[in-house]
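To keep things clear, I will list the structure first and then write my remarks on it.
Naming convention: chains lettered A, B, ... in sequence-line order (proteins, then strands); numbering from 1 in each chain.
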Number of protein chains: 2
Amino acid sequence: MGKASRDSSKAIARLRGVGLRPTRQRVELASLLFKGPDRHVTAENLHEEVAGLGLKISLATVYNTLHQFTHAGLLRQVIVDAARGYFDTNTGDHQHFFLEAEGTLIDIPGEDIRVAGVPAPPAGMTVDRVDVVVRVKRA
Amino acid sequence: MGKASRDSSKAIARLRGVGLRPTRQRVELASLLFKGPDRHVTAENLHEEVAGLGLKISLATVYNTLHQFTHAGLLRQVIVDAARGYFDTNTGDHQHFFLEAEGTLIDIPGEDIRVAGVPAPPAGMTVDRVDVVVRVKRA
DNA sequence: ATTCTTCTTTAGAATTATTCTAATCTGTTG
DNA sequence: CAACAGATTAGAATAATTCTAAAGAAGAAT
């Protein structure tokens, strides 16, 4: 049994486990994503990687699949840049609640919230700022 | 001396203080943003508000001005939604360093980092998740 | 005040990441 | 293996934002 087929049986099992049909595209993407150590990908760079390997998966499918995997709990989305710019007149030390449903922000005073245990940043880097977003939803 | 003119002298002083020419558009936006309690705005909704008051400021200028105010330290940008989707194969409890210059993510283990003092969410809401992004830049 | 120079504003085009659409194809089930 | 629900795809559409290049205002110098 070759490495690729071992990868794909694991991927197929994982997909079945979360109720997703193991199509060629999903199996190939899952194999790539989960065969090695943890990684961070964007749709664009995963699509390029796939193309580089000679696999044929459309960009739309890469987007669909990343979202399906995320809903299924296989991936998690990390939010670091702004699709919609929210600007705050309060420039002091504080953080935010974000009500996803309404797109509303509520301030959390800086005296209330504390972040501890931030490791040293990579060599040659300094901390610019620490952003905390507490995402809340209807109970 | 009327309220509007008091607002605009304050706005003019504030703009001069950060080295921005007090043009009509900047004065009007600063007056609106800083006259009352702290607020959160998007370019789009501020532009609508301005239009509703009968003031004429183009959307491009609202964008420019919000960024200038932000660079000048008068505003702060809050990042809550994703312009570029980063997906992480690590779905466990952890947070991230974000190297803005390169657009790179580095995991911070969940055992390392701790967030304390999060107030109770608004009534009827529950915390979905708490995201911490430690933004780092070249020292 | 008038002119000069530089900074600003603006409308509209361009860009970027993403989602939608509608046609085609593929897994799974009976 | 036929049929159907679900998946994939190319390309169009969308949304927020930025860019462009031309016209307009601020402040300085005369």
- Message: Categorize A:R84 for me: base, sugar-phosphate, or nothing, with a 4.0 angstrom heavy-atom threshold over every strand shown.
- Response: sugar-phosphate
| said: Looking at A:R21, I'd like to know whether one of its side-chain N or O atoms comes within less than 4.0 Å of OP1 or OP2 on C:dT28. | reply: no
Assign each of B:L59 and A:A60 the nucleotide of DNA chain C bearing its closest heavy atom; nearer the 5' end lies the nucleotide of B:L59
B:Q25 has its side chain closest, among C:dT19, D:dT18, C:dT10, to C:dT10
Exercise. Is A:R129 atom CZ crowded by more than 12 heavy atoms from other residues, nucleotides or ligands, each under 6.0 Å away?
Worked result: yes
Rounded to whole Å, CG of A:N64 lies from P of C:dT19 at a distance of 9 Å
Taken to the nearest whole Å, CG/B:D81 to C1'/D:dT17 is 13 Å
Any B:V132 side-chain heavy atom under 4.5 Å of B:I113 side chain
yes
B:Q77 CD to D:dT18 C1', in whole Å, measures 13 Å
May I ask you to evaluate whether A:H67 reaches the phosphate of C:dT18, defined as a side-chain N or O under 4.0 Å from OP1 or OP2? no
5'-most contact on DNA chain C (nearest-nucleotide basis), B:A82 vs A:R24, goes to B:A82
A:H71 atom NE2 is separated from C:dT19 atom P, nearest whole Å, by 10 Å
Whether B:Q68 contacts C:dT8 is assessed here as follows: a side-chain N or O lying under 4.0 Å from the phosphate OP1 or OP2. Is that the case? no
Going by distance alone, is a donor N or O of one side chain under 3.5 Å from an acceptor N or O of the other, for A:H40 and B:D107?
-> yes
Query raised in the report: Sub-3.5 Å donor-acceptor pair from the side chain of B:R135 to the main-chain atoms of A:V80, do we have one?
Result: yes
In whole angstroms, the gap separating P of D:dA25 from CD of B:E28 amounts to 13 Å
* Asked: With sugar-phosphate meaning primed atoms plus P, OP1 and OP2, does B:A83 contact a base, only sugar-phosphate, or nothing at under 4.0 Å between heavy atoms?
  -> sugar-phosphate
Regarding the side chain of B:P22, the nearest nucleotide among C:dT18, D:dG27, C:dT28 is D:dG27
Ignoring backbone atoms, establish whether A:Y63 has a side-chain N or O less than 4.0 Å from OP1 or OP2 of C:dT19.
-> no
(Q) Strictly below 4.0 Å: does B:T23 bring a side-chain N or O up to OP1 or OP2 of C:dC7? (A) no
In whole angstroms, the gap separating P of D:dG11 from NE2 of A:H47 amounts to 13 Å
Taking the six-membered ring for Trp, is the centroid-to-centroid distance between B:F87 and A:H67 below 6.0 Å?
yes
Rounded to whole Å, NZ of A:K56 lies from C1' of C:dT26 at a distance of 17 Å
When A:G85 and A:S58 are each assigned the nearest nucleotide of DNA chain D, the 5'-most assignment goes to A:S58
In whole angstroms, the gap separating P of C:dA17 from CD of A:E48 amounts to 10 Å
Given C:dT10, is OP1 or OP2 found less than 4.0 Å from the side-chain N or O atoms of B:T61? yes
Consider only side-chain N and O atoms of B:T61 and B:N64, and report whether a donor and an acceptor are under 3.5 Å apart.
no
By nearest-heavy-atom nucleotide on DNA chain D, the more 5' of B:E44 and B:R16 is B:E44
